[in-house]
Amino acid sequence: MKFFKLSLITFTVSLFFTACNLSPSDKTADTNPYPNDAAETDGISAEGGWAKENLDLQAIGGLLEKADDAEDFEYLLNSTDGVNNLDLNGDGYTDYISVREFDDRDDNQRGFSLFSMFGPNEIQEIANLIFNRQSRDDRGSRVLLYGNDQIYGDDNYYETNWVDRSLPIVNWVFNDRDSYYRSPYYYNNYPDSYEVYRVVETPVYRSRIEQYYAAPVFIKTNPAMTQIKIKSPYNGKSLDKIYAKLAKPTKEQIEFRRNNPNRPAFVPVEKGKPNRSEDRSKGNPNKWDKPNKREDDSPKSMKIEKPNAKPQKSEKDSGGGKQNKSDGNKGGGKGGGKKG
């Protein structure tokens, strides 16, 4: 009898410690916000699959090494056959990811918001980047990248320590400027350098990431950067009409999927501009030639409406007869030909 009681106590204690050792991520992984969906196998497909499986946060971090500023970073994010295979609105094409600097800033902290925009009030924040240094004397900064918990779930933090390393984008982000970068581009309003491209199956995407981003510079961790003093301008912004699966969807997002089980019919893009693939370097797709800088190198301002016309050249000078070029932006944000 004593032996039986002792065995029962030992078994109970073992169960208790086993339960306590489950990490939060283990518990979250067992929770399916879409209980009526079939199939875990649905998650292997870009069509109706998990959004978090089609935008690799670690690979995003590596692009910072190649970018001179926020505009370059946005260009690399959206390079064909690169890190982005996200399709939130279900049209079969990869969503354009826009970048905006935080208006909110601290002496030693700066930030980027990564988001997709489908209309004036239709914004889904995807991730934040925080640059943090200890003092103005630091050559570089520590960088924290964290995914929106609606898409990636809780505690998806990736970090790297570049405090002793001088990088162009870190120097740029801490430079004093009168204005901050705000992408003027969004769904169906793209830069001339952008080529609309279809999503691929998730296994194909994962193979691409493994091939070209085999040594990530960011690691998943409990962040050393524990105090974030600045706030994203799109904090809390979410899009209700999302077809892709989310790790922690809102009630509105769950309701939308429940009422719209079928994705929109795929409509092939009628490209209104030449195919840009010949401009790309062969080999690793994240080593593209960057577009030429604008004559006006100040950050662009956000515009929801498309520009009415391209900037016009001024009349000839009365003296020398030369035409003066306007300071308008290059690549004027003309739509890329998606049919909504």
Look only at the side chain of [X] and the backbone of [Y], and say whether a donor-acceptor pair between them is shorter than 3.5 Å.
{"X": "Asn85", "Y": "Val200", "result": "yes"}
{"X": "Asn171", "Y": "Ser166", "result": "no"}
{"X": "Arg139", "Y": "Asp164", "result": "yes"}
{"X": "Asn89", "Y": "Lys241", "result": "no"}
{"X": "Gln58", "Y": "Tyr213", "result": "no"}
{"X": "Asp87", "Y": "Gly92", "result": "yes"}
{"X": "Gln253", "Y": "Ile242", "result": "no"}

Quick one: ring-ring contact (aromatic ring centres under 6.0 Å, His included) partners of Tyr158, sequence neighbours excluded? none

Using the test ring-ring contact (aromatic ring centres under 6.0 Å, His included), find all partners of Tyr152 that sit at least two apart in sequence or belong to another chain.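 With neighbours one apart ignored, the set is empty.
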
Please evaluate residues Arg165 and Glu65 with respect to the criterion side-chain contact (heavy atoms from CB on, under 4.5 Å), reporting the C-alpha separation (whole Å), side-chain torsions for both, the decisive distance (0.1 Å), and the verdict. CA-CA 11 Å; Arg165 182 179 176 191; Glu65 291 184 298; 2.8 Å; yes

Heavy atoms, side chains only, cut-off 4.5 Å: are [X] and [Y] in contact?
{"X": "Glu71", "Y": "Tyr181", "result": "yes"}
{"X": "Lys220", "Y": "Asn156", "result": "yes"}
{"X": "Gln134", "Y": "Val163", "result": "no"}
{"X": "Ile60", "Y": "Phe218", "result": "no"}
{"X": "Asp68", "Y": "Trp172", "result": "no"}
{"X": "Phe73", "Y": "Leu129", "result": "yes"}
{"X": "Leu145", "Y": "Leu64", "result": "no"}
{"X": "Asn148", "Y": "Gln124", "result": "yes"}

Is it the case that one hydrophobic cluster holds both Val204 and Tyr93, taking links as side-chain heavy atoms less than 4.5 Å apart, direct or via other members?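 Per the 4.5 Å side-chain linkage, Val204 and Tyr93 are co-clustered.
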
Would Phe266 and Tyr187 show up in the same hydrophobic cluster when neighbours are defined by side-chain heavy atoms closer than 4.5 Å?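 Yes.
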
Specify the closest pair of heavy atoms between [X] and [Y], including all atoms of both residues, with the distance to one decimal.
{"X": "Ala224", "Y": "Arg142", "value": "CB-NH1, 3.8 Å"}
{"X": "Gly153", "Y": "Ala247", "value": "N-CB, 3.3 Å"}
{"X": "Gly62", "Y": "Val217", "value": "CA-CG2, 3.6 Å"}
{"X": "Pro233", "Y": "Ser113", "value": "CD-CB, 4.5 Å"}
{"X": "Leu246", "Y": "Trp50", "value": "O-CZ3, 3.4 Å"}
{"X": "Lys66", "Y": "Leu76", "value": "CB-CD1, 3.8 Å"}

What verdict does the salt bridge (charged side-chain N to carboxylate O under 4.0 Å, His left out) test give for Glu125 and Arg100, after you've listed the backbone C-alpha separation in whole Å, the side-chain angles of each residue and the deciding distance to 0.1 Å? CA-CA 11 Å; Glu125 188 162 60; Arg100 177 176 171 176; over 6 Å; no

Does a sphere of radius 6.0 Å around CG in Asn222 hold more than 12 heavy atoms from other residues, nucleotides or ligands, not counting ones at 6.0 Å or beyond? no

Working to the nearest 0.5 angstrom, can you tell me the gap between [X] [atom1] and [Y] [atom2]?
{"X": "Leu77", "Y": "Ile97", "atom1": "CG", "atom2": "CD1", "answer": "5.5 Å"}
{"X": "Asp155", "Y": "Thr221", "atom1": "CG", "atom2": "OG1", "answer": "11.5 Å"}
{"X": "Leu88", "Y": "Glu122", "atom1": "CG", "atom2": "CD", "answer": "12.0 Å"}
{"X": "Ile209", "Y": "Ser207", "atom1": "CD1", "atom2": "OG", "answer": "10.0 Å"}
{"X": "Leu167", "Y": "Ile169", "atom1": "CG", "atom2": "CD1", "answer": "9.0 Å"}
{"X": "Lys231", "Y": "Asn128", "atom1": "NZ", "atom2": "CG", "answer": "11.5 Å"}

Side chains of [X] and [Y]: donor-acceptor distance under 3.5 Å anywhere?
{"X": "Tyr185", "Y": "Glu74", "result": "no"}
{"X": "Thr250", "Y": "Gln150", "result": "no"}
{"X": "Thr202", "Y": "Asn54", "result": "yes"}

Which residues end up grouped with Ile230 if you chain together Ile, Leu, Val, Met, Phe, Trp and Tyr wherever their side-chain heavy atoms are less than 4.5 Å apart?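 ILVMFWY cluster around Ile230 also holds Phe102, Ile130, Leu144, Tyr146, Tyr157, Met225, Ile228.
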
Aromatic plane relationship, Phe115 with Tyr234 - under 30° parallel, 30 to 60° tilted, over 60° perpendicular: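 Rings of Tyr234 and Phe115: tilted, 30 to 60°.
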
Take Glu101 and Phe112 through the side-chain contact (heavy atoms from CB on, under 4.5 Å) test and state the conclusion after the steps. CA-CA 4 Å; Glu101 273 189 278; Phe112 290 166; 3.5 Å; yes

Can we call the ring centroids of Tyr194 and Tyr75 under 6.0 Å apart? no

Is there a side-chain contact (heavy atoms from CB on, under 4.5 Å) between Val170 and Arg133? Walk through the geometry before answering. CA-CA 10 Å; Val170 175; Arg133 63 185 183 184; over 6 Å; no

Would you call Arg206 and Asp56 a salt bridge, taking side-chain N to carboxylate O under 4.0 Å as the test? yes

Begin from the C-alpha positions of Lys245 and Glu53 and carry the test side-chain contact (heavy atoms from CB on, under 4.5 Å) through to its verdict. CA-CA 10 Å; Lys245 290 184 179 180; Glu53 294 297 329; over 6 Å; no

